[in-house]
Structures are given as C-alpha cells and as structure tokens.
Peer 1: 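Here it is: the structure, laid out below.
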Amino acid sequence: MADKIKDAKIIFVVGGPGSGKGTQCEKVVAKYGYTHLSSGDLLRAEVASGSERGKTLQAIMQKGELVPLDTVLDMIKDAMIAKADVSKGFLIDGYPREVKQGEEFEKKIGAPSLLLYIDAKPETMVKRLVKRGETSGRADDNEETIKKRLDLYYKATEPVIAFYSGRGIVRKVRLESPLTGCSQEIRREGMFVMKEMS
Ligand SMILES: Nc1nc2c(ncn2[C@@H]2O[C@H](COP(=O)(O)OP(=O)(O)OP(=O)(O)O)[C@@H](O)[C@H]2O)c(=O)[nH]1
Ligand SMILES: Nc1ccn([C@@H]2O[C@H](COP(=O)(O)OP(=O)(O)O)[C@@H](O)[C@H]2O)c(=O)n1
Ligand SMILES: [Mg+2]
C-alpha cells in the first residue's frame, strides 16, 4: 500500500494560523490538479466523527497545542494512499509544525520538493481569524487560543522554514494584499509553482 506513494510529488505549505494556507491551496488545486490535504481539516474530521480519539484531539486543539506527531502523520499517510491513483502530487497544508514532524514524514513517506511559506504579519493573521471566528464554528478561533497558536507557530514552526531553507526549496509568498489584488510576488510564485508542478 505505502508503495503507492513512494515517489509522490510532495509540497509542504507552511504559515502561521490564518495566514491563508487553505485559501492558497485551493487556488493551486484549481489550477494544477494537485490534491490538497490540510492536516488541521483531517484532525477536525476525526473530531466530527465523534470517536474517542476525536474527543482527545478536540481537547488538545481547543488549547492551541500540537496533537501527537504519530496521529497526524498516520492520517496524512492514509489520505495520501487513498488519493494516490488520481493525484499529480500533494499539497500538505499545516504540516510540518515542528522540525521533528518533517523528519518523521521523510522517514515514513518521502522528501518534499518544495516548501511554500505563506508569510503574513501577526496582526493580519489575528484580524482574519477573529473575523473567521464569527462564522467558522471552530473551537480554536477565539482570541485566547489564537494567541497560543501564534506563539507556538513562532516557537516551533518557524524553525521548520530555516531547516528547509538550507536545502534551497523554500519559496515565500507574501499575502497582505486583498484576495482580488493578486500581487507581483504571488504571480512570480505562481510561475515557479507551475514550473515545479508540470
Ligand atoms: N483579505 C484577505 N483575506 C484572506 C486572504 N487569504 C485568506 N484570507 C481569509 O483569512 C482567513 C484565513 O484563511 P485560511 O485560508 O483559512 O487560512 P489558514 O492558514 O488555512 O488558516 P488555518 O486553517 O487557521 O491554518 C479566512 O477567513 C480567509 O477568507 C487574503 O489573501 N486576503
Ligand atoms: N500538523 C498539525 C496540524 C494541526 N494540528 C492541530 O490542529 C489545530 C488547527 O490546525 P490548522 O492547521 O487547521 O490551523 P492553524 O493553527 O494553522 O490556524 C492546531 O492548532 C493544532 O492543535 C496539529 O497538532 N498538528
Ligand atoms: Mg487551514
């Protein structure tokens, strides 16, 4: 089974909470036919299933902490295997959250060919998440948990970017502009992504 994804093309999508990872991934999917797997969405699906495991996960996510590495990795791997036959490649959104998660992914699945780093100012992220919280129903879109998620992002996830920068596979996308006003930078990144994905 795992053989099916041995040579899969993998792109990690990393950025702070509310930076726009999900939004950008949808655009890439629409344009290039990649499969988008959001680790947060996979976890929320487990919570929604009402399983015992889901209850444990919910408690951790509500506090803005990281769930155990093996749990997320197994979910991503299963989702990749399920889509292997119809995917040109995978956008893994919200993973790795810490360098160790990246190392384990590479041991169990494979190495990424690109890391898209969605950069946004903390005040932009907070503003978007507070607004999203009005309608998202997400237990972690409240001011207290947003702050914890941001702190953890700077402490644990930013080092991931430095780690992969050393390999020359990081591409930074800056997203302070409105969704409609596609900036020069995004267009440049888009072209790179197109090259990488063709
Ligand atoms: N103005 C503006 N809003 C955006 C942009 N990208 C995303 N948003 C909004 O910001 C919020 C967060 O976007 P998501 O794509 O859900 O961000 P994310 O990084 O996946 O967030 P998490 O799921 O919390 O990790 C949503 O309400 C989006 O509608 C953008 O480029 N400009
Ligand atoms: N690789 C991951 C991804 C998400 N999570 C958990 O899921 C929550 C939501 O993740 P997400 O990617 O949907 O949202 P953001 O925290 O990026 O806004 C995180 O705050 C973590 O509690 C995790 O523990 N490990
Ligand atoms: Mg998301």
Side-chain angles (χ1 to χ4, degrees), residues 12-30 36-48 53-77 79-80 91-105 108-109 112 115-158 160-161 173-187 189-190:
F12 285 152
V13 184
V14 174
S19 55
K21 301 182 290 293
T23 306
Q24 287 310 305
C25 285
E26 290 315 318
K27 290 187 185 178
V28 174
V29 166
H36 173 209
L37 295 176
S38 157
S39 49
D41 287 351
L42 292 172
L43 291 168
R44 281 184 288 278
E46 182 73 27
V47 172
R53 181 160 81 159
K55 282 179 194 139
T56 313
L57 295 176
Q58 164 85 342
I60 298 171
M61 291 162 77
Q62 206 154 4
K63 287 189 275 182
E65 293 167 4
L66 291 183
V67 312
L69 190 161
D70 289 342
T71 308
V72 199
L73 191 50
D74 284 348
M75 282 181 181
I76 294 176
K77 192 174 172 188
M80 286 178 74
L91 289 164
I92 312 289
D93 156 6
Y95 189 104
R97 287 299 229 263
E98 52 183 4
V99 172
K100 181 108 178 48
Q101 286 192 358
E103 289 171 339
E104 287 302 308
F105 186 103
K108 289 200 178 158
I109 301 175
L115 184 148
L116 288 183
Y117 162 35
I118 315 287
D119 184 29
K121 292 192 198 110
E123 53 271 31
T124 307
M125 297 192 261
V126 172
K127 210 167 69 193
R128 287 182 189 170
L129 288 177
V130 169
K131 182 144 192 303
R132 190 177 72 183
E134 291 168 9
T135 52
S136 70
R138 266 178 65 166
D140 57 354
D141 280 349
N142 61 76
E143 264 183 84
E144 193 191 336
T145 312
I146 290 169
K147 188 177 177 311
K148 286 200 208 149
R149 285 153 71 199
L150 261 187
D151 286 348
L152 188 60
Y153 169 72
Y154 288 116
K155 204 170 82 202
T157 313
E158 269 205 345
V160 170
I161 296 155
V173 185
R174 217 175 277 126
L175 284 170
E176 310 291 349
S177 57
L179 276 173
T180 45
C182 187
S183 72
Q184 186 68 24
E185 229 165 329
I186 298 171
R187 266 185 263 133
E189 286 304 323

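FYI, the numbering just counts along the sequence from 1. When a ligand or atom number is given, it counts from 1 through the structure's own listing order.
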Peer 1: Report the nearest protein non-hydrogen atom to atom 7 (O) of ligand 2: residue, atom name, distance rounded to 0.1 Å.
Peer 2: Met61 CE, 3.5 Å
Peer 1: Looking at ligand 1, would Arg149 count as a contact under a 4.0 Å heavy-atom criterion?
Peer 2: yes
Peer 1: Could you list the atoms of ligand 2 found under 4.0 angstrom from a heavy atom of Gly18?
Peer 2: 18 (O)
Peer 1: In the protein, which heavy atom is nearest to atom 1 (N) of ligand 2, and how far is it?
Peer 2: Gly94 O, 3.3 Å
Peer 1: Tell me whether Gly18 has any N or O atom under 3.5 angstrom from an N or O of ligand 1.
Peer 2: yes
Peer 1: Would you check, one step at a time, whether the test side-chain contact (heavy atoms from CB on, under 4.5 Å) holds for Thr157 with Leu152?
Peer 2: CA-CA 7 Å; Thr157 313; Leu152 188 60; 5.8 Å; no
Peer 1: Does the gap between the ring centers of Phe105 and Phe12 come in under 6.0 Å?
Peer 2: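 Aromatic pair counts; centres sit under 6.0 Å.
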Peer 1: Identify the protein heavy atom lying closest to atom 18 (O) of ligand 2, giving its residue, its atom name and the separation to 0.1 Å.
Peer 2: Arg149 NH2, 2.4 Å
Peer 1: So Thr124 and Lys121, do their side chains get closer than 4.5 Å, heavy atoms only?
Peer 2: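 Yes - at least one pair of side-chain heavy atoms lies under 4.5 Å apart.
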Peer 1: Under 4.0 Å between a Lys/Arg side-chain N and an Asp/Glu carboxylate O for Glu65 and Lys148?
Peer 2: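 Answer for the salt bridge query: no.
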Peer 1: Quick test of your reading of the model: are Lys77 and Asp70 salt-bridged, counting only N-O distances below 4.0 Å?
Peer 2: no
Peer 1: Are any of the side-chain heavy atoms of Pro68 and Ile60 separated by less than 4.5 Å?
Peer 2: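 They are in side-chain contact.
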Peer 1: Just jot down the ligand 2 atoms closer than 4.0 angstrom to any heavy atom of Lys21, in number order.
Peer 2: 17 (O)
Peer 1: Which atoms of ligand 1 sit under 4.0 Å from any heavy atom of Gly22?
Peer 2: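 With Gly22 as reference, the close atoms of ligand 1 come out as 15 (O), 18 (P), 20 (O).
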Peer 1: Given that the side chain starts at C-beta and the backbone is N, CA, C, O, which of these parts of Lys63 lies under 4.0 Å from ligand 2, counting heavy atoms, or is it both or neither?
Peer 2: neither
Peer 1: Consider ligand 1: state whether an atom of it lies below 4.0 angstrom from any non-hydrogen atom of Gly15.
Peer 2: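 The answer is no, since Gly15 has no heavy atom less than 4.0 Å from ligand 1.
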Peer 1: Any idea which part of Glu26 is under 4.0 Å from ligand 1, heavy-atom wise: side chain, backbone, both or neither?
Peer 2: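 No part of Glu26 comes within reach of ligand 1.
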Peer 1: Is any side-chain heavy atom of Ile146 closer than 4.5 Å to one of Val130?
Peer 2: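 In contact.
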Peer 1: Tell me whether Ser19 contacts the main-chain N or O of Ala120 through its side chain, where contact means a donor paired with an acceptor under 3.5 Å.
Peer 2: no
Peer 1: Between Arg132 and Gly18, is there a donor-acceptor pair closer than 3.5 Å when you use the side chain of the first and the backbone of the second?
Peer 2: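 Answer holds: no.
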Peer 1: Give the intermediate values and the outcome of side-chain contact (heavy atoms from CB on, under 4.5 Å) for residues Asp151 and Tyr153.
Peer 2: CA-CA 5 Å; Asp151 286 348; Tyr153 169 72; over 6 Å; no
Peer 1: Find all atoms of ligand 2 within a distance of less than 4.0 Å from any non-hydrogen atom belonging to Arg44, and give their numbers and elements.
Peer 2: 9 (C), 13 (O)
Peer 1: Would you sort out whether Leu73 and Ile109 count as a side-chain contact (heavy atoms from CB on, under 4.5 Å), showing the intermediate values?
Peer 2: CA-CA 9 Å; Leu73 191 50; Ile109 301 175; 4.0 Å; yes
Peer 1: Would you say Ser19 touches ligand 1, if touching means a heavy atom closer than 4.0 Å?
Peer 2: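 In this structure, Ser19 qualifies as a contact of ligand 1 - some heavy atom is under 4.0 Å.
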Peer 1: Quick test: of every protein heavy atom, which one is nearest to atom 19 (C) of ligand 2, and how far off is it to 0.1 Å?
Peer 2: Arg97 NH2, 3.6 Å
Peer 1: Students should be able to answer this: which protein heavy-atom is nearest to atom 3 (C) of ligand 2, and at what distance?
Peer 2: Ser39 OG, 3.2 Å
Peer 1: If the cut-off is 4.0 Å to any non-hydrogen atom of Gly40, which atoms of ligand 2 fall inside it?
Peer 2: 10 (O), 11 (P), 13 (O)
Peer 1: What atoms in ligand 2 come closer than 4.0 Å to a heavy atom of Arg138?
Peer 2: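 Those atoms are 9 (C), 11 (P), 13 (O), 14 (O), 18 (O).
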Peer 1: Below 3.5 angstrom, do we get any N/O pair linking Glu65 and ligand 2?
Peer 2: yes
Peer 1: What residue and heavy atom of the protein are closest to atom 4 (C) of ligand 2, and at what distance?
Peer 2: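 So the nearest neighbour among protein heavy atoms is Leu43 CD1, 3.6 Å.
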Peer 1: Sequence neighbours excluded, which residues qualify as side chain to side chain donor-acceptor pair (under 3.5 Å) partners of Thr145?
Peer 2: Asn142
Peer 1: Show me which atoms of ligand 2 lie under 4.0 Å from any heavy atom of Tyr95.
Peer 2: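 The atoms of ligand 2 under 4.0 Å from a heavy atom of Tyr95 are 1 (N).
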Peer 1: Considering only the protein, which heavy-atom contact is closest to atom 24 (O) of ligand 2, and what is its distance?
Peer 2: Val67 N, 2.7 Å
Peer 1: Answer yes or no: does an N/O atom from Asp93 fall short of 3.5 Å to an N/O atom of ligand 1?
Peer 2: no
Peer 1: Would Gln24 count as a contact of ligand 1 if the rule is a heavy atom under 4.0 Å away?
Peer 2: no
Peer 1: Could you tell me whether Glu143 atom CD has more than 12 heavy atoms of other residues or ligands within 6.0 Å of it?
Peer 2: no
Peer 1: I want to confirm something. Looking only at heavy atoms, which of Glu134, Met125, Arg138 is nearest to atom 23 (O) of ligand 1?
Peer 2: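 Considering heavy atoms of Glu134, Met125, Arg138, the nearest to atom 23 (O) of ligand 1 sits in Arg138.
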Peer 1: Should the proximity of Val72 to ligand 2, defined as any heavy atom under 4.0 Å, be assigned to the side chain, the backbone, both, or neither?
Peer 2: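 The answer is the side chain of Val72.
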Peer 1: Would you indicate whether the side-chain heavy atoms of Leu57 and Met75 approach each other to under 4.5 Å?
Peer 2: yes
Peer 1: Per the side-chain hydrogen bond (donor to acceptor under 3.5 Å, both in side chains) rule, what does the pair list look like for residues 91-103, sequence neighbours excluded?
Peer 2: His36-Asp93, Lys100-Glu104
Peer 1: Can you list the ligand 2 atoms lying under 4.0 Å from a non-hydrogen atom of Asp140?
Peer 2: 9 (C)
